[in-house]
There are 2 protein chains.
Amino acid sequence: MFDLDLRSRKPIYEQLVDKLKELIVNEVLKPDEQLPSVRTLAQELTINPNTIQKAYRELEIQGFIYSLKGKGSFVNPIAKGMDKEKISQVKQELEKLILEALYLGVTVEELQAMIVETDAKKGAD
Amino acid sequence: MFDLDLRSRKPIYEQLVDKLKELIVNEVLKPDEQLPSVRTLAQELTINPNTIQKAYRELEIQGFIYSLKGKGSFVNPIAKGMDKEKISQVKQELEKLILEALYLGVTVEELQAMIVETDAKKGAD
DNA sequence: TCAACTGTATTAAGAGTAATAGTACACCTA
DNA sequence: TAGGTGTACTATTACTCTTAATACAGTTGA
């Protein structure tokens, strides 16, 4: 479900944060839905509970989830509209990458075609 | 000239490698042109010569430059066509990012507009 | 010839961070 | 009350980047 890359330069907890954000924003995880517990998820992914907790804490700070001691962690219902900063961040990265591609000789048409194709692929979920 | 980000997750030497590749592929650095010496560039950028050397070694391994003991490091003339793997790598990253943007609700039209704008910006060098 | 420049190699130390391990505490619920 | 939850803390391991300090080998030009 999470396909983490343990060898990535991006830390595991950060990969988790991003994945969970995506699931929340796209409402795969519904508002107020309970997330797997720190220990459960750690066992499933065979990583340390502390790493999960670090991700959950980050998500709570950013307002995507809320945690109740003794109960669990849940999707913040307000999180749906929370992706604006993420969008601008992605756009920024995207612009850098587009620029790089253009410098490498990739044409505008080719890039635009990529978008259409990717969009089609997205629908095929 | 190199605008390095010392606080980036990407190591300095790797940033250097990428920058230099770009300069070489786009022939800002001409074939057989001599690169600044390890020590000179280190002084200019106020970083350690070893860091420069690491970048140069990597570039040599990848075939973008060649180094002659006692003489210097030079742009490999064959490096022009060397960017194919880089292109496919960039395309792959691009696709991931596009997909992410689409999931975040960015429209196809918006993305295509970005490309055109970025292309215009590129011309304004 | 030789000083001063090149690249190259090596070792050591410092620093930062991710991840794990282990433990402990507070809270909730059946 | 037992067993689940989140939370907090310390210590340790591991890895990597970066710097530092040398040292050596080759080239070049005065």
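Note on naming: letters A, B, ... go to the chains in the order of the sequence lines (proteins, then strands), and numbering restarts at 1 for each one.
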Are OP1 or OP2 of [N] and a side-chain N or O of [X] less than 4.0 angstrom apart?
| X | N | value |
| --- | --- | --- |
| Tyr13(B) | dC17(D) | yes |
| Lys54(A) | dA18(C) | yes |
| Ser67(A) | dT7(D) | yes |
| Lys69(A) | dC28(C) | no |
| Thr51(A) | dT20(C) | yes |

(request) Taking all non-hydrogen atoms of both residues into account, name the closest pair between Asp119(A) and Leu102(B) and its distance. (result) CA-CD1, 3.6 Å
(request) Compare every heavy atom of Gln53(A) with every heavy atom of Val38(A), then report the nearest pair and how far apart it is. (result) CG1-N, 4.1 Å
What integer distance in Å separates [X]:[atom1] from [N]:[atom2]?
| X | N | atom1 | atom2 | result |
| --- | --- | --- | --- | --- |
| Glu58(A) | dT17(C) | CD | P | 14 Å |
| Arg57(B) | dT18(D) | CZ | P | 13 Å |
| Leu68(A) | dA26(C) | CG | C1' | 14 Å |
| Gln34(A) | dT5(D) | CD | P | 8 Å |
| Gln53(A) | dG6(D) | CD | C1' | 7 Å |
| Asp5(A) | dA18(C) | CG | C1' | 14 Å |
| Arg9(A) | dT16(D) | CZ | P | 11 Å |
| Ile52(B) | dT6(C) | CD1 | C1' | 15 Å |

(request) Could you tell me whether Asp5(B) and Lys10(B) make a salt bridge, using a distance below 4.0 angstrom between a side-chain N and a carboxylate O? (result) no
(message) From the set dG6(D), dA9(C), dA19(C), return the single nucleotide nearest to any side-chain atom of Tyr56(A).
(response) dG6(D)
(request) Remember a base hit wins even if backbone is also touched, and classify Glu60(A) as base, sugar-phosphate or nothing at under 4.0 Å, heavy atoms. (result) sugar-phosphate
(message) Both conditions, 6.0 Å and 45 degrees, for the charged tip of Lys19(B) above the ring of Phe2(B): are they met here?
(response) no
(request) Output the residues of residues 35-50 of chain B in contact with DNA chain C, where contact means a heavy atom of the residue under 4.0 Å from an atom of the strand; sort by number or write none. (result) Ser37(B), Val38(B), Arg39(B), Thr40(B), Asn50(B)
(request) Identify, between Leu6(A) and Lys71(A), the residue whose nearest nucleotide on DNA chain C lies closer to the 5' end. (result) Leu6(A)
(message) So Glu110(A) and Lys91(B), do their side chains get closer than 4.5 Å, heavy atoms only?
(response) yes
(message) Between Glu14(B) and Lys54(B), does the salt bridge (charged side-chain N to carboxylate O under 4.0 Å, His left out) criterion hold? Intermediate values first, please.
(response) CA-CA 9 Å; Glu14(B) 209 167 308; Lys54(B) 189 165 187 181; over 6 Å; no
(request) Please name the residue in the list Val75(B), Leu59(B), Asp32(B), Ile78(B) that meets the side-chain contact (heavy atoms from CB on, under 4.5 Å) test with Tyr66(B). (result) Asp32(B)
